[in-house]
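I have placed the structure first, in the form of structure tokens, so that the comments after it can refer back to it.
Residues: numbered from 1 along the sequence shown. Read the numbers this way: they start at 1 and go in the same order the structure lists the ligands and their atoms.
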Amino acid sequence: MGLYLLDYGAGNVQSLANSLISLGYTFEWIKDTSDFAKATSLIFPGVGAFETAISHLASRGLLQPLREYILSGKPYFGICIGMQVLFEASAEASSPGLGVIPCPIQKFDDEDKSVPHMGWNTADLVNVTSSSSNEDTEGVDASSYYYFVHSFCAKYNPDLHPDAMRWVHSTTQYGQEIFVSSVRRGNVFATQFHPEKSGKAGLALLEEWLRKPESAHTYAPSAPLVARAPKPKHNLTKRIVACMDVRANDQGDLVVTKGDQYDVREKTTAAETAGAVRNLGKPVSLAARYYQAGADELCLLNITSFRHSPLQDQPMLAVVRAAAECVFVPLTIGGGIKDSVDPDGTKRSALEVAGAYFRAGADKVSIGSEAVYAVERFRETGRTDRTGAIESIAEVYGKQAVVVSIDPRRVYVDPGTYDGPYKAELVHGQADGAEHERGKAWWYQCTVSGGRESRPLSAVQLARGVEQLGAGEILVNSIDRDGTGLGFDLALVNLIKKSVKIPVVASSGAGAAAHFVDVFNGTEVEAALAAGIFHREEVGIAEVKQQMKAAGINVRDSA
Ligand code: 1PR
């Protein structure tokens with residue numbers, strides 16, 4: 001079978017390649033226009049931004065051959081942007097799409113929800129009954145969760161776009177909006193979600209399409225559809241993220257470590273371990289374990305990258321490559337996403353560094369110190385030349401690929417006398433709260449270099465600034481809570497969540513499954529991250545999810 005994959009050169013396409021390899025399929029990459037004729041089936045795993053996809057395809061002379069391939073009747077499977085390019089246009093871009101489906105791609109309304117739509121949601125099949133076979137459903141299982149990450153979508157609107165809606169295979173609800181989550185018609189099948197990032201459910205769906213004989217990829221248009229009112233609540237789950245802080249130990253091996261308030265060295269007095277970097281395992285084997293255990297996302301942070309972090313021979317790239325071969329949920333990589341210089345003097349922009357991680361199999365990059373400097377510059381000058389790490393990566397790979405990781409620390413002040421610049425952001429200790437907080441007030445100060453240096457910027461200022469610069473998600477750590485097991489700092493998480501419209505991940509302090517219930521009940525965050533309790537196997541991911549479920553919080557069950 002001449003299975004080909006189309007890569008337009010931006011975003012993580014390696015994960016799809018890894019999925020196909022894990023399913024036992026071989027494939028070729030489309031390298032030039034002549035390959036379209038050799039392809040007997042084609043997958044376009046579009047990742048990133050619509051404009052980038054169209055302009056890269058056009059500049060490589062691949063846009064028209066792609067259109068011709070689709071019209072030729074040979075099987076086509078589009079993923080995310082690979083689905084969106086089928087439409088006539090996108091609010092994200094000035095260039096038109098392929099115009100195969102007569103309706104535009106529009107932006108989600110962020111009035112009632114965070115945008116991007118990021119996480120695990122369901123797909124409701126249209127015109128398919130419960131007795132339908134896999135063949136009828138294309139392997140889309142209405143009871144499974146699939147991973148979505150996008151700010152733009154084809155809104156479900158049979159009144160306005162009756163012809164386009166006859167392509168619809170499934171719809172999904174986000175907030176009070178219903179959008180098209182998969183289409184099929186003729187030789188075309190495409191999903192807005194990422195099967196290659198949707199764990200076992202996604203792999204099963206890919207396999208269903210791959211094992212079908214090429215001649216069987218012919219789908220009748222769906223019967224005319226009617227408008228539907230949204231349900232009171234969408235099915236997007238709250239995400240559980242397992243995080244691995246990675247650094248070289250004193251022997252030079254990359255290990256997963258874990259600090260208490262960012263100090264990762266052993267406190268024992270035993271001569272052989274005193275002062276050594278805590279070693280909690282190997283990053284790739286831990287990543288594989290957390291994937292199997294049902295983590296919704298994984299995060300790998302290179303925590304000593306502030307020292308010197310060249311791209312050449314970067315050991316974290318090998319870690320990401322190996323992890324992406326066995327992990328089929330989203331992978332974030334952080335640490336050292338900034339302009340750097342290789343040992344031979346070659347300058348690397350943050351965009352190049354991020355690109356190397358995306359090609360290795362990362363879905364998002366997380367920016368720490370550099371984000372603080374960027375917001376400081378932005379606030380000082382009131383403008384940006386769009387060349388900074390956040391802006392340049394978001395422009396090419398889409399904002400959903402840019403996470404900002406913030407490392408704030410509490411600064412206590414006297415609430416009666418404080419009249420400083422953070423007065424409006426002060427959090428006041430509750431009379432029935434922790435003893436050390438009563439009668440006090442504090443603000444959250446940004447730090448860089450893994451908490452080693454404090455900066456004249458608050459966490460709220462940082463969060464608002466990075467949102468303006470184009471970040472797609474914020475990871476809120478807390479130096480005060482990190483490794484303490486005292487629970488998430490709900491005051492901090494609430495403060496940040498209320499300051500921005502983009503998704504927020506709560507981090508630091510989880511010490512029990514109940515702490516996840518507390519953070520999801522006490523704040524509106526989309527995800528919660530933990531490290532120590534998972535590494536030390538004190539609490540399992542399944543146990544966390546069981547407790548969340550018992551508390552009525554929507555979760556995804558398995559890998
Ligand atoms: O500044 O862009 O190079 O990024 C460096 C990254 O490394 C940042 O994301 C920063 O948070 C992280 N980092 C730097 N030093 C440390 C350290 O621990 N010494 N780790 C560090 C940050 C916080 C979380 C941790 C949670 C959950 N660690 O990653 O996993 O606090 O822990 P818990 O559940 O055990 O409480 P740049």
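There is no side-chain donor-acceptor pair under 3.5 Å between H150 and Y174.
With respect to K423 and E425, no salt bridge is recorded, no charged nitrogen being found less than 4.0 Å from a carboxylate O.
Qualifying salt bridge (Lys or Arg N to Asp or Glu O under 4.0 Å) partners for K501, counting only residues two or more places apart in sequence or in other chains: none. Taking K267 as the reference, D260, D263 meet the salt bridge (Lys or Arg N to Asp or Glu O under 4.0 Å) condition, with sequence neighbours excluded.
Identified under the side-chain hydrogen bond (donor to acceptor under 3.5 Å, both in side chains) test for residues 507-524, with sequence neighbours left out: N477-S507.
Within 4.0 Å of ligand 1, the residues that place a heavy atom are C243, D245, K258, Y262, L301, I303, S305, G335, G336, I367, G368, S369, S405, D407, G450, N477, D482, G483, S507, S508, G509, L529, A530, A531, G532, listed by chain and number.
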With ring pair (Phe, Tyr, Trp, His ring centres under 6.0 Å) as the criterion, how do Y444 and Y422 come out once you've worked through the C-alpha distance, each side chain's angles and the decisive distance to 0.1 Å? CA-CA 9 Å; Y444 292 94; Y422 308 107; over 10 Å; no
